[in-house]
Amino acid sequence: MLAETQQLLWRLITAPEGVAAALAADSDRGGTLRARLARTVRGDEKLDAAERLDIYANMYFFRILDVLKEHYPGVRALLGDVGFHNLITDYLLRHPPAHFSLREAGRHLPELLDEHATRALHPCLADLARFERALNDAFDASDAPALRAAALAALPQADWPNLRLALHPSVHLLASQWPVHTVRAAIDRGENSGAPEPEATWLCVWRDDLTVFHRAIGAGEFDRLQIISRGASFGAVCAHGSEAGSTDDTAQDVAAALARWLADGWLAA
Amino acid sequence: MSSAARTGFTDLGYGVGLRPPHYGHVLETRPAVDWFEAISENFLVAGGRPLHVLERVRADYPVVLHGVSLSIGSTDPLDRDYLSRLRQLAARIEAAWISDHLCWTGVGSHNLHDLLPLPYSEEALDHVAERVRRVQDALGRRIALENVSSYLTYCDSVLSEWDFLAALAERADCAILLDVNNVFVSAHNHGFDARAYLAAIPVERVVQFHLAGHSDHGTHLLDTHDHPVCDAVWELYAVAVQRFGALPTLIEWDDRIPAFDRLQAEAQRASALAAEVCGDHARRDATAPLAADHGA
């Protein structure tokens, strides 16, 4: 009985058009939801059962909508309030929250945008959402210590080639055909820059101490960071691209990149 | 504490909810409040600023963990990962205690992120009491459960909310976090007597009060936590203090959050009112009857 009650309420609270519309649609199909609700929830002269349940339905939708507005301000800016509202309606149908934390409620929005109708309007939306999700994930990623230059310099140089590098848990890499970070940067300045023009872009998002940063990087640097994320040795990172000539990076470029990674805390100790 | 049922629940005084807009102010000025209550789920994260802030706050104040996703009334299995992480967090910050709500928040592995009431039936009572015992075993401590504001009741309820809560506390050997505003809101929405509610709750089980503001939507009151505590709720708080004693009291404010001073003033008002009700006695005799001439 208790399980049936909870399943009935969950179904009606999460109905995308509201409780009354869900009951009407069900009645049109010859369903029994209205009768089941009448047997389950009391109504009175102030509010009938559907109206009482609708209070919860509204709180469910708008609580999550508010959180996702905070997590995806760039997506919201490009779509506008009505477009974002409709997107989240679709999203909750496909990805109802399953985690104990509201912070996880919007985790799958980039995947939805990969195939959503809004893609035709703004092809960059999924990547923008991926970038904004990376900012959120970096914010409360693990506090693993970063590898700093002094610690690396203390190792015998003979050990460097076989040294296994790892990215700091807060580091997220994103390749896109659009400079999606410029959308978010404009939002943070209180502006709406609109959708960006296509431009091959490689981004790194990370947290140093308690502050989240992002930076556009070159293709070669992006590739090297990606092979680090797969557990490559320092020697393999240095050699990457040089044999095949796939990047124009010089040895000096690689050394400079390594110095930046160490300074910014992109590598885990 | 005045009875064994309150063992483990320290007399913390008057606190406020720890919310992100106040992090900087709290860390920089160490304001004069007795304790903070942190929303557990906001700190069940791997690292970063939330945990950093919580640990720094904990260095200067007692901290209580107050959850919103335990879903003690759900028919889904208990979330063992959640409980394990909650226990670790409580140990890490030496949480004064852990509380959550008498409600269900989801079913079918989904989370509504809302606090839904239960049918007050024997079936639900058996179900929840058994789960509370398992949760307390998993956490290694007694928990406090809070009464929620509600906007619906069920046809198959055979007990009043207060009788259900009292019976649950006895059967599961858990404590009660009495949200005075929630009693007021639900009393209005369902037409029961808030003072009768308080009078039916066993004194020795109540370990903490919550106070918050609500909104009037005409057909119902909504527990919005976006207003000051209203006069009628202050009056009901005085009744609660008269019955249960000057227990640790928390001001909740979660939306349209004002400057910290405003919350501090509310906590000070609670402290002053409790002192006025109790006189010089830190705690009232737990066996004394509820005064009939107080109330909202």
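Just so it is clear, the structure is predicted and the values come from calculations on it, not from any experiment. Note that these values count all heavy atoms, side chains included, but never hydrogens, waters or copies made by symmetry. Chain letters run A, B, ... following the sequence lines, proteins first and then strands; every chain starts at 1.
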Might you point out which heavy atoms bring A:His99 and B:Arg85 nearest each other, and give the distance in Å?
-> NE2-NH1, 4.5 Å

Which pair of non-hydrogen atoms, one from A:Phe100 and one from B:Asp81, has the smallest distance, and what is that distance?
-> CE2-OD2, 4.4 Å

Spell out the residues in residues 52-59 of chain A that have some non-hydrogen atom less than 4.5 Å away from a non-hydrogen atom of chain B, in order of number; otherwise answer 'none'.
-> A:Arg52, A:Leu53, A:Ile55, A:Tyr56, A:Met59

Part of A:Thr14 within contact of chain B (heavy atom distance under 4.5 Å) = side chain

Whatever's closer than 4.5 Å to a heavy atom in chain A on B:Thr105 counts as neither

Interface check, chain B: of A:Ser142, A:Ala144, A:Pro97, most non-hydrogen pairs under 4.5 Å belong to A:Pro97

Tell me, side chain or backbone of B:Ser150 under 4.5 Å from chain A's heavy atoms, or both, or neither?
-> both

Side chain, backbone, both or neither of B:Asp114 within contact of chain A (heavy atoms, under 4.5 Å) | both

Within-4.5 Å side-chain heavy-atom neighbours: A:Leu9 and B:Tyr154 | yes

Who among A:Lys46, A:Arg63, A:Arg207, A:Arg42 has the most heavy-atom pairs with chain B under 4.5 Å?
-> A:Arg42

Only pairs under 3.5 Å count here: list side-chain donor-acceptor contacts from residues 30-40 of chain A, not counting sequence neighbours, and write none if there are none.
{"unit_1": "A:Thr40", "atom_1": "OG1", "unit_2": "A:Arg36", "atom_2": "O", "d": "2.6"}

Under 3.5 Å, side chain of A:Asp140 to main-chain N/O of B:Ala46, donor-acceptor pair present?
-> no

With a 4.5 angstrom heavy-atom cut-off, which part of A:Leu2 approaches chain B: side chain, backbone, both or neither?
-> both

Side chain to side chain, B:Leu118 and A:Gln6, heavy atoms closer than 4.5 Å | yes

Quick one: which residue pairs count as a side-chain hydrogen bond (donor to acceptor under 3.5 Å, both in side chains) with a foot in residues 211-224 of chain B, not counting sequence neighbours?
-> B:Asn181-B:His214, B:Asn181-B:Asp223, B:Ser215-B:Thr224, B:Ser215-B:Asp226, B:Asp223-B:His225, B:Thr224-B:Asp226

For the student: nearest non-hydrogen atoms of A:Tyr60 and B:Leu112, plus distance = CD1-O, 3.4 Å

Could you tell me which portion of A:Ala141 (side chain, backbone, both or neither) has an atom closer than 4.5 angstrom to a non-hydrogen atom of chain B?
-> backbone

B:Glu41 side chain vs A:Arg103 backbone, donor-acceptor pair below 3.5 Å = no

For B:Leu115, is it the side chain, the backbone, both or neither that has a heavy atom under 4.5 Å from a heavy atom of chain A?
-> backbone

Considering heavy atoms only, which positions within residues 49-56 of chain B lie below 4.5 Å of chain A?
-> B:Arg49, B:Pro50, B:His52

Is it the backbone or the side chain of A:Leu102 that comes under 4.5 Å from a heavy atom of chain B, or both, or neither?
-> both

